[in-house]
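Written out below as structure tokens is the structure these notes cover.
Below, chain A is the first sequence line, B the second, and so on; all start at residue 1.
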Amino acid sequence: METTLRIRRFNPGQEKPAPYYQEYAVELESSDSVLDGLIKVREKLDDSLALRCSCRGAICGSCGMRINGQSALACKTKVVSVAPQGGTIQVEPMNNMPVIKDLVTDMSTFWKKIRQVNPWLQPKGPPPPSEYLAPAEAMKHLSGVMTCIMCGVCVSDCTVLEIDSKFVGPAALAKAYRFVADPRDAFTKQRLTILNYSGGMWDCTRCMACVQVCPKGVAPMDRIMSLRAKGMAVQVPSTSGSRHAEVFTDIIRRKGLLDEPMLAVRTLGLRNLPRLFGMIPLALRSLVRGKVPGSGPLHRPIAGIHHIRRIFRHTRKKRRT
Amino acid sequence: MTTFTYDVVVIGAGLAGMRAALSAHHQGASVAILTKVHPVRSHSNAAQGGINAALTDRGDKWEEHAFETVKGSDYLGDQDAVEILAKEAGDDIIALEHMGVIFNRNEEGRLGTRRFGGQKRARTFFVADFTGQAILHVLFEQILQAQLPVYEEWFVTSILKDDHDRCAGVVAFEIQSGKFALFHSKAVILAAGGLGRVYEPSTNALICTGDGMALAYRAGAPLMDMEMVQYHPTTLKGKGLLISEAARGEGAYLLNCHGERFMESYAPNMMELASRDVVARAEHIEINEGRGINGCVLLDCRHLGKEFIHDRLRQINEEAKIFANIDLTEEPLPIRPGMHYQMGGIKTDIDGRCWDIQEKWNGVAGLFAAGETACISLHGGNRLGANSLLDTVVFGRRAGNCAAEFAKEQTICKVSDTQCEIDRNLVQAILARKGNGDTVADLRYTMGTTMNRHLSVFRDHEGMHTAQQIIKQLQERWDGVAIKDKGRVFNTGLISTLELRFMLDCAETIIAGALTRKESRGAHFRTDYLERDDDHWLKHILLYHSTEGPPRMDYLPVCITQWEPQTRVY
């Protein structure tokens, strides 16, 4: 099956370096991965192509890149899954990190953010003479997070990082969760308090991109949501992130429909005048487009609100048991 | 010239390297790690099944573990080293657990075990089927906590030596910039992993190019047991990816084309869980005698049940789906033996020293080694599954401790940058080559397929002699290989060229050892010498680099403490 690999290239050693696309036609088998294709290019057509790769089996995390616009491990992406009838496959370096050369990116910021969550076990006191006792289920649950191979694919496709480089990101938060959920770790509240502030667990917009692209089924966003729940359970200091969740739930429970202006005001707090004033231009733009719904007393509960309240009562009871 | 100075420099950041660095650090030494890939990209990741230890507090005996390791080695393992491995295993497992490894638990919340090949008792501790990865990431966490400097993506080109022929550091260049630097140190620990890519195919990652062994060899330290190359019984056709022994440990069957569990006729007691060399030979015979299916036999997991496979064999089920298009819960998987592990390596003593304090053999003072790159010899003629992870943590720790102690007695010896000039000139010469039409890929492929043909499960003089001639030619042709990329930034073509040179060194020693050992023992099975010959060959072959001609050879007796060689039956 003849396939064309259209590769985004960049060589900083050139005079006036600028990225460009270069196409390579290679003959591939239906069992081949995109990495097999790239290796073929490197071995048969152009040994100047730079990429990282090692295990070929989706365990070392070296070959994260964008394939037809979506981040993935090249070794785990079958050619037939992205180009069933042959044709062209576009291969580019990962997003949200600088490019060093061709498909090789600079992951130093990625690692700096991993380090930010103090990613090591912190038990209390001296260790027991033998192993720590820990429930089998808890360890099995953690092994679902420990499968993370730090490939950077989730970070590459994270839509928050695209506009806010301060966000610690899905990989680091999944790593943090691994310690928060570890029964042997004694610093749960401290960890959650660190993650509670700006750039931490509340900055995820739940777009699901990380869950979708993660090659190991780590589901970083789900871990972030668990972190939030655990944070509220241990009562980390109230921040706009946790208030947003609380107020959101409260409004839905009472009205069945979101009262957006109220959500903003209560989340930011009535005393937070600078932030509230900052919202005015947005409010005006929304007004001009007729997008400001009624608020406060004008915002009536929906018909059948008692059903919604019943759901709330039911979930609360269930959570208590 | 940029120079760095440390007490101890560790080359490689897999399990052995990071474990060594941590213990040297805990002894108070200033330590740096140099690695050609980021630590979590290391090949220790690929160890799937688990790590052995006889925990005495739950009724296991270290002597049983030691005996099975010795028997597995076909009595070529040095028994003093094996005893240390088995005795210290328990403490190291518990230490790993305390660091944070999420080992599988039993219902009481204590560490759970599974069975592995060559052993009668379940003493393999595990994290699903990604044990290596789970431990590697935890050791990396410990390195972060200790704030040890890690020189990521640095490629080491030479071991530095002072006027007294002692190790004085390394020469390396940063892959991202191509800039050379000198690392002065009182001790160097080589933990650079195995040499799998000398073979094609191999279960090993593309980075496993025998760098550590070749660096030591070129520096004058001997390599040992190099003829002992393990073929793993269950690898995928094609690229040769590994399917963990955990599958058989958990009860999977091996079937031939008639649906028979053929191991019954080769190892009636241990069946699928006989030693790897025994199972690999059995599979080869089945395939050669026409009872295979397209060059493979079948691994059948279906009777284990969906839920069990999902919990305990998750990664290999996923791997089979992606790379072989087979769901283990529904179909048997075609597999065959594939090159997997090098039992041999840089000769070290039980504390990782690459020289003999009793001066019975020559080496390089100040140089240490641990992990697959080293050979104590623990694994002798054949390594038991789940002993390699154990080897890295036990002997990584010991090498780190010993290197730190050694460093306390030494002073930094500044050596001239002659070696650095030589290496820099070599790189410049490679970049300047016009080329004779040979490519790195062609040479590597020829080397790999040659080794896989003539130095695999069954060997004979004629085949190995042919391989020796081919490798010699490839070494000559290496001088003419050119690459297109003439730049210095992240030049992966340059790295492959340098790695190929190291791999050719390794191939040369494997063949030299294998031609010399005129018997069949462990993984080294010769169709022209069918029997094990304890009278003549109960000894190790040491290989020294020689600038002209084949490697110089020497021999060392096998250390026997309590287990006299017996006939090996499974």
Side-chain angles (χ1 to χ4, degrees), chain A residues 11-14 31 33 36 39 42-44 46-62 76 78 100-102 104 106-107 111 114-115 118-121 123 127-136 138-140 142-143 146-150 178-179 182 184-185 217, chain B residues 37-38 40-43 45-46 55 57 93-94 97-100 102-112 127-128 130 133-134 137-138 141-142 144-145 176 205-207 238-239 241-242 311 314-315 318-319 322-325 439-441 445 483-485 487-493 496:
Chain A
N11 183 356
Q14 278 175 335
S31 60
S33 65
D36 292 322
I39 290 177
R42 194 163 77 170
E43 294 196 334
K44 305 254 185 255
D46 187 348
D47 64 22
S48 73
L49 177 68
L51 71 144
R52 292 192 183 103
C53 56
S54 182
C55 76
R56 309 158 296 148
I59 42 174
C60 77
S62 302
K76 206 188 163 184
K78 285 287 200 58
I100 294 172
K101 183 178 179 182
D102 297 339
V104 177
D106 176 357
M107 289 188 72
W111 294 113
I114 297 290
R115 202 176 293 226
N118 297 332
W120 46 82
L121 191 73
S130 195
E131 74 266 45
Y132 286 101
L133 293 183
M139 287 307 182
K140 206 158 106 184
L142 281 182
S143 82
M146 273 309 275
T147 54
C148 172
I149 52 174
M150 305 275 158
R178 174 250 168 287
F179 296 102
D182 193 321
R184 299 168 296 178
D185 196 89
Chain B
V37 294
H38 185 280
V40 306
R41 311 284 178 236
S42 303
H43 188 56
N45 262 331
L55 290 195
D57 66 350
I93 299 287
I94 297 299
E97 198 280 327
H98 290 164
M99 287 177 198
I102 48 157
F103 284 116
N104 172 280
R105 307 280 159 153
N106 60 24
E107 281 167 9
E108 292 141 36
R110 307 197 74 187
L111 302 184
V127 182
F130 61 99
Q133 181 195 326
H137 281 242
V138 167
E141 292 162 14
Q142 299 293 306
L144 287 180
Q145 188 180 17
Q176 190 177 332
L206 303 176
I207 54 172
K239 288 185 272 290
L241 293 174
L242 174 70
D311 279 354
R314 184 188 332 174
Q315 186 171 287
E318 186 186 304
E319 197 182 316
I322 302 167
F323 300 104
N325 209 13
T439 67
V440 177
Y445 188 76
I483 46 174
K484 192 178 142 194
D485 189 354
R488 301 306 290 269
V489 176
F490 227 102
N491 189 335
T492 46
S496 308

Please state whether the side chain, the backbone, both or neither of [X] comes within less than 4.5 Å of a heavy atom of chain A.
X      : result
B/Y445 : neither
B/R314 : side chain
B/Q133 : side chain
B/H98  : both

Under a 4.5 Å heavy-atom cut-off, does chain B meet the side chain of [X], its backbone, both or neither?
X      : value
A/P119 : both
A/P128 : both
A/K101 : side chain
A/L51  : backbone
A/R184 : side chain
A/D182 : side chain

Inset, instruction - Look at atom NZ of B/K484 and say whether more than 12 heavy atoms of other residues, nucleotides or ligands are closer to it than 6.0 Å. - result: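 For B/K484, atom NZ is crowded (more than 12 foreign heavy atoms under 6.0 Å).
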Inset, instruction - For atom CZ of B/R110, decide whether the heavy atoms of other residues, nucleotides or ligands shown that lie under 6.0 angstrom number more than 12. - result: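 Enclosed: over 12 neighbouring heavy atoms sit under 6.0 Å from CZ of B/R110.
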For chain A, which of [options] has the most heavy-atom pairs under 4.5 Å?
options                        : answer
B/L55, B/V127, B/D311, B/N106  : B/D311
B/G238, B/S42, B/A324, B/A205  : B/A205
B/I93, B/L242, B/L111, B/V37   : B/L111
B/A128, B/A441, B/G487, B/A134 : B/A441
B/E108, B/E107, B/H137         : B/H137
B/I94, B/I102, B/T492          : B/I102

Heavy-atom pairs under 4.5 Å with chain B are the metric here; pick the option from [options] that has the most.
options                      : value
A/D185, A/D36, A/N11         : A/D36
A/S143, A/C148, A/C55, A/P12 : A/S143
A/M107, A/K140, A/Q14        : A/K140
A/G217, A/A50, A/G57, A/S33  : A/G57

Inset, instruction - Give a yes or no answer on whether the side chain of B/E97 reaches the backbone of A/Y132 with a donor-acceptor pair at less than 3.5 Å. - result: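 Here the side-chain-to-backbone pair exists.
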Inset, instruction - Check side-chain hydrogen bond (donor to acceptor under 3.5 Å, both in side chains) between A/D102 and all other residues, then give those that pass, not counting sequence neighbours. - result: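 Partners of A/D102 by the side-chain hydrogen bond (donor to acceptor under 3.5 Å, both in side chains) criterion, ordered by chain and then number, come out as A/R9.
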Report the distance from atom [atom1] of [X] to atom [atom2] of [Y], rounding to the nearest 0.5 Å.
X      : Y      : atom1 : atom2 : answer
A/D46  : B/I483 : CG    : CD1   : 11.5 Å
B/N325 : A/S31  : CG    : OG    : 9.5 Å
B/N491 : B/D485 : CG    : CG    : 4.0 Å
B/F130 : A/M146 : CZ    : CE    : 7.0 Å
A/K78  : B/I322 : NZ    : CD1   : 8.0 Å

Inset, instruction - Determine whether the side chains of A/R42 and B/S496 contain a donor N or O and an acceptor N or O closer than 3.5 Å. - result: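 The answer is no; no qualifying pair exists.
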Inset, instruction - Could you tell me which non-hydrogen atom of A/C60 sits nearest to which non-hydrogen atom of B/N45, and how far apart they are? - result: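 Distance-wise, the nearest heavy atoms are CA-ND2, 3.6 Å.
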Inset, instruction - For A/I100, check side-chain contact (heavy atoms from CB on, under 4.5 Å) against everything at least two apart and list the hits. - result: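 If we apply the side-chain contact (heavy atoms from CB on, under 4.5 Å) test to A/I100, skipping adjacent residues, the hits are A/R52, A/V104, A/D106, B/Q176, B/V489, B/F490.
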